[in-house]
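Predicted, not measured: the structure shown is a model, and the values here were computed from it.
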Amino acid sequence: MGNALVHRAFSSSAKLLAATAMIALWSIPSAAQTAPTDLGAGEIEIIDDIEETEPEDEVIDAAEPDERPLESLKGKAPPLPDLTGIIKNKSWAQAAGKALFWDQQLGSDTVACASCHFRAGADPRVTNQLNPGLNAGDKTFGSSAGTGLMASGQPAGPNITLKPEDFPFRKLLNPNNAKSQVLFDTNDVSASPGTYAGDYIGTIERPKQRPRATNTDRCKMTTDEVFNIAGHGTRKVEPRNTPSVINSVFYHRNFWDGRANNLFSGVGVFGRRDIRNDPAARLLVLKPDGSVALQNVRLDNASTASQAVGPLLSDFEMSCTSRAFADIGRKMMAQQALKLQAVHVEDSLFGVGSPIGDIVSASRIGLKYTYADMIRQSFAKRFWAAPGRYKFVTDADGSVGLANDPAGYTQMELNFPLFFGLSVMLYEATLISDDSPFDRGQLTALQKRGKELFEGKGKCIACHDGPLFSKAAHVSHDGKQPKLVERMAMGDGKTSLYDNGFYNIGVRPVQEDLGVGGTDPWGAPLSFSKQWVLGRKADSFLVDPCSFDVPFPGQETVGCSGGAVPSGINLRDERLAVNGAFKTPTLRNIALTPPYFHNGGQATLQQVMSFYNRGGDFSSPTKSPDITQLGLTAGEQDALVAFMQSLTDERVRCSRAPFDHPELLIPDGHKADTVKKDGRLADRLRVLNATGAAGYPANRCPANTGNLFDMARNINGFPIK
């Protein structure tokens with residue numbers, strides 16, 4: 001599919017789509033092939049003019065109150081796209097998504113999506129979890145004072161095991177006073193290890209054996225300048241902490257910085273931006289006349305699909321450098337699903353009683369089908385049934401076409417990001433935790449007191465509201481868009497425009513990580529409010545100035561439609577509160593997902609309470625106005641922690657259906673004295689055993705304490721391979 005981005009500028013037109021379906025295809029010239037007899041059910045609207053790739057939403061912002069009440073999630077559905085004409089069998093697609101999410105064949109170095117999301121959808125490991133603050137431009141581990149040490153006094157660097165004394169990453173003499181003496185500070189990040197450094201060459205196929213070997217890629221190994229010990233490569237660690245994937249289908253945008261676009265184009269993370277900037281970012285669609293066209297889908301409310309494809313090509317997370325989606329497609333389509341991993345016979349999507357019947361192999365290792373089999377069962381034929389192999393060719397004018405090539409890729413291989421993104425999205429749509437004590441109305445007296453503080457003195461509800469406990473998350477409003485741009489007074493009392501659900505709460509200095517204030521690979525702002533102010537919309541969103549917390553003076557004279565503002569207002573003069581702002585995470589299952597914040601700098605919920613009680617760690621003019629000194633007593637902080645513990649769903653805690661899973665080999669640091677032939681340090685692998693629908697026995701479920709090191713002790717109980 002090509003490893004380098006091919007840039008091309010397309011002019012835009014703001015035309016309202018009259019289509020009633022959520023799906024459209026953007027088309028460019030095709031190559032003729034023989035059509036199969038069945039192209040799958042459903043018609044897909046085709047828009048032939050690339051100028052019509054900037055659709056506007058049909059309905060203005062949903063009527064959401066500024067402060068949504070805390071309420072049960074039971075009976076509430078996530079906003080999801082209409083997949084008519086794309087998905088043929090939803091149950092098969094969910095099964096394919098679960099298999100792909102947990103499959104260690106996917107990553108270049110045996111990294112599955114689940115490798116960073118295996119406990120309550122998140123990652124509680126403590127060994128080889130340190131990034132030196134690369135987003136801040138810092139390549140040196142440890143104290144900001146340059147000592148090279150962590151707060152515990154241990155040397156900082158790759159492969160260390162973090163200690164309780166290393167947290168929080170900014171230590172104060174008085175944890176309830178942000179102005180007290182700073183005992184220790186670091187811009188390091190506690191995150192997740194991904195791949196080793198190396199350039200992609202091809203795929204290695206190793207025979208299956210017991211104990212099971214890994215099936216990985218062939219990469220030209222290099223030594224990363226940061227992630228190595230004495231020149232021996234270690235797994236690279238991501239620059240932000242891993243958030244949970246559970247309930248992620250309720251977010252309008254995903255990732256901490258919101259770069260996973262609400263619109264999924266079938267080819268990447270950035271929605272319409274991908275197809276406007278890379279002419280090779282196209283799907284192959286088989287048309288009824290037998291031709292194969294290069295097109296794209298437009299799927300709104302599919303940010304989890306956009307998010308899912310992001311890590312696949314990241315050389316920090318799952319890929320050797322310069323691997324393409326089609327390379328992964330070629331590798332995976334021929335593979336037996338979960339070939340290297342044990343699967344429980346009562347798995348809720350694969351085993352006895354699953355919606356598609358028992359598809360677990362007789363050996364209990366892997367499934368009965370290849371991924372190609374599962375894709376054929378899941379998706380309409382127009383996306384996989386074309387015969388032949390293809391390659392992209394670039395014309396003199398920079399446009400990209402399609403040519404037959406015996407050495408090229410099949411349609412199924414080239415369309416891998418569509419299959420992967422949508423099937424993982426549909427799997428994650430089953431991961432809705434709505435059965436906590438809070439949902440059942442079974443709070444203790446202490447938890448009820450915590451809820452009162454949450455909604456009152458603690459000011460928590462200002463950002464963590466609604467059934468998802470997050471301003472960035474929304475339940476389904478048919479055909480409507482949530483409030484995405486807001487205007488209010490910030491911590492300094494002056495008004496700012498900002499992206500609703502994204503806040504600067506003073507975790508770290510703004511300049512260390514811009515968050516939603518950053519840009520995409522082509523330099524366009526991620527922030528909706530910044531796009532609106534600059535008059536250069538890269539995304540489809542509406543602004544309703546009448547709904548602002550602080551409307552513009554005279555707004556009533558121009559009405560509310562079309563983002564109109566009074567004549568005396570110059571949007572470019574408006575202050576923006578987007579730099580250093582991050583997506584508000586859901587608090588559901590929060591006691592199971594330490595460490596906390598985008599930098600993973602707090603190990604316990606008690607430390608988080610101290611952080612909020614002192615009004616955050618760093619000030620800036622555009623810090624959220626609700627991040628102030630709270631004056632909470634120790635008992636009140638304990639009550640807030642108890643309330644957050646009531647948000648844990650026991651099914652999540654004990655890996656019960658729909659949160660059950662296959663076996664997974666988890667890298668838990670490196671064997672410091674074992675160097676492999678290619679010069680890398682060998683992994684220390686732990687075995688996460690497969691569970692069925694019944695999950696783990698109660699005595700093997702992790703503690704619901706909100707303490708990273710309680711979770712780590714649970715991991716240390718896993719057997720070592």
Side-chain angles (χ1 to χ4, degrees), residues 104 106-112 114-119 123-134 139-142 148-150 152 154-163 166 188-199 204 206 211-239 241-242 311 314-321 340 595 600 664-688 708-709 711-721:
Q104 293 182 216
L106 192 65
S108 287
D109 294 308
T110 66
V111 182
S115 298
C116 300
H117 299 280
F118 63 92
R119 267 291 183 245
D123 182 1
R125 289 173 290 182
V126 295
T127 301
N128 196 43
Q129 299 284 104
L130 207 60
N131 180 292
L134 292 178
K139 298 180 181 180
T140 303
F141 291 90
L149 303 176
M150 297 301 293
S152 65
Q154 70 167 318
N159 204 40
I160 68 167
T161 297
L162 294 168
K163 302 177 180 180
D166 290 323
D188 288 3
V189 172
S190 176
S192 297
T195 59
Y196 293 91
D199 296 325
I204 300 171
R206 292 193 174 105
R212 291 175 295 287
T214 57
N215 180 338
T216 187
D217 290 335
R218 186 169 69 255
C219 302
K220 181 181 179 181
M221 302 315 302
T222 58
T223 300
D224 187 86
E225 62 174 319
V226 173
F227 298 102
N228 75 87
I229 297 175
H232 301 302
T234 61
R235 290 183 181 271
K236 294 185 283 186
V237 177
E238 299 163 41
N241 182 43
T242 301
S314 166
D315 61 8
F316 262 80
E317 298 182 71
M318 297 183 71
S319 182
C320 292
T321 305
L340 309 176
L664 187 71
L665 300 184
I666 303 168
D668 188 29
H670 299 282
K671 302 173 183 178
D673 57 351
T674 305
V675 180
K676 301 175 75 172
K677 291 181 180 179
D678 58 13
R680 302 180 298 179
L681 288 184
D683 287 315
R684 180 178 63 178
L685 294 172
R686 295 189 181 274
V687 181
L688 178 73
L708 173 63
F709 292 91
M711 298 294 290
R713 278 189 285 274
N714 178 266
I715 294 171
N716 288 337
F718 298 171
I720 296 177
K721 179 180 181 298

side-chain contact (heavy atoms from CB on, under 4.5 Å), that's the test. Do Leu665 and Val687 meet it? Break it down for me. CA-CA 5 Å; Leu665 300 184; Val687 181; 3.7 Å; yes
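- A salt bridge does not link Asp678 with Lys676: every distance from a Lys NZ or Arg NE/NH1/NH2 to an Asp or Glu carboxylate oxygen is 4.0 Å or more.
- By the 4.5 Å heavy-atom criterion applied to side chains, Lys236 and Val226 are not counted as neighbours.
- Leu162 CG to Gln154 CD: the interatomic distance, rounded to the nearest 0.5 Å, is 6.5 Å.
- Atom OG1 of Thr127 and atom CG of Asn159 lie 7.0 Å apart (nearest 0.5 Å).
- Between the side chain of Asp166 and the main chain of Ser152, a donor-acceptor pair closer than 3.5 Å is present.
- Using modelled atom types, one side-chain atom of Ser115 and one backbone atom of Ala112 make a donor-acceptor pair closer than 3.5 Å.
- Here the closest heavy-atom approach between residue Pro193 and residue Arg125 is recorded as CD-NH2, 3.4 Å.
- Under 3.5 Å, the side chains of Asp123 and Ser192 contain a donor-acceptor pair of N or O atoms.
- With hydrogens and angles disregarded, no donor-acceptor distance shorter than 3.5 Å links the side chain of Gln104 to the backbone of Val111.
- In this structure, the separation between OG1 on Thr242 and CZ on Arg119 is 15.5 Å, given to the nearest 0.5 Å.
- Taking CZ of Phe718 as the start and CG of Leu664 as the end, the distance is 9.5 Å to the nearest 0.5 Å.
- When every heavy atom of Met150 is checked against every heavy atom of Ala156, the shortest pair comes out as SD-CB, 3.6 Å.
- Without hydrogens or angle criteria, Asp188 side chain to Leu130 main chain gives no donor-acceptor distance under 3.5 Å.
- In terms of modelled atom types and a separation under 3.5 Å, the side chain of Asn128 and the main chain of Pro158 share no donor-acceptor contact.
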Is there a side-chain contact (heavy atoms from CB on, under 4.5 Å) between Ile715 and Phe118? Walk through the geometry before answering. CA-CA 11 Å; Ile715 294 171; Phe118 63 92; 3.9 Å; yes
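- In this structure Pro239 satisfies the side chain to side chain contact (heavy atoms under 4.5 Å, CB included) test together with Asn131, Asn135, Phe316, sequence neighbours excluded.
- Checking side-chain atoms of Arg235 against main-chain N and O of Asp683 turns up no donor-acceptor pair under 3.5 Å.
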Go through Ser314 and Glu238 one step at a time and tell me if the side-chain contact (heavy atoms from CB on, under 4.5 Å) criterion holds. CA-CA 10 Å; Ser314 166; Glu238 299 163 41; over 6 Å; no
When you look at Ser319 and Glu317, which way does the side-chain contact (heavy atoms from CB on, under 4.5 Å) test go after all the steps? CA-CA 6 Å; Ser319 182; Glu317 298 182 71; over 6 Å; no
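- Of all non-hydrogen atoms in Ser190 and Pro595, the two that sit nearest each other are OG-CG, 3.7 Å.
- Taking 4.0 Å as the cut-off between side-chain N and carboxylate O, Asp668 and Arg684 count as a salt-bridged pair.
- Asp109 and Thr195 share no side-chain donor-acceptor pair at under 3.5 Å.
- With hydrogens and angles disregarded, no donor-acceptor distance shorter than 3.5 Å links the side chain of His232 to the backbone of Arg680.
- Distance CZ/Arg218 to SG/Cys320: 11.0 Å, rounded to 0.5 Å.
- For Tyr196, the ring pair (Phe, Tyr, Trp, His ring centres under 6.0 Å) partners at least two apart in sequence or on another chain are His670.
- Annotation: side chain of Thr140 is not in contact with side chain of Pro132 (no heavy-atom distance under 4.5 Å).
- Listed by chain and residue number, Asp315 satisfy the side-chain hydrogen bond (donor to acceptor under 3.5 Å, both in side chains) test with Thr321 (two or more places apart in sequence, or in another chain).
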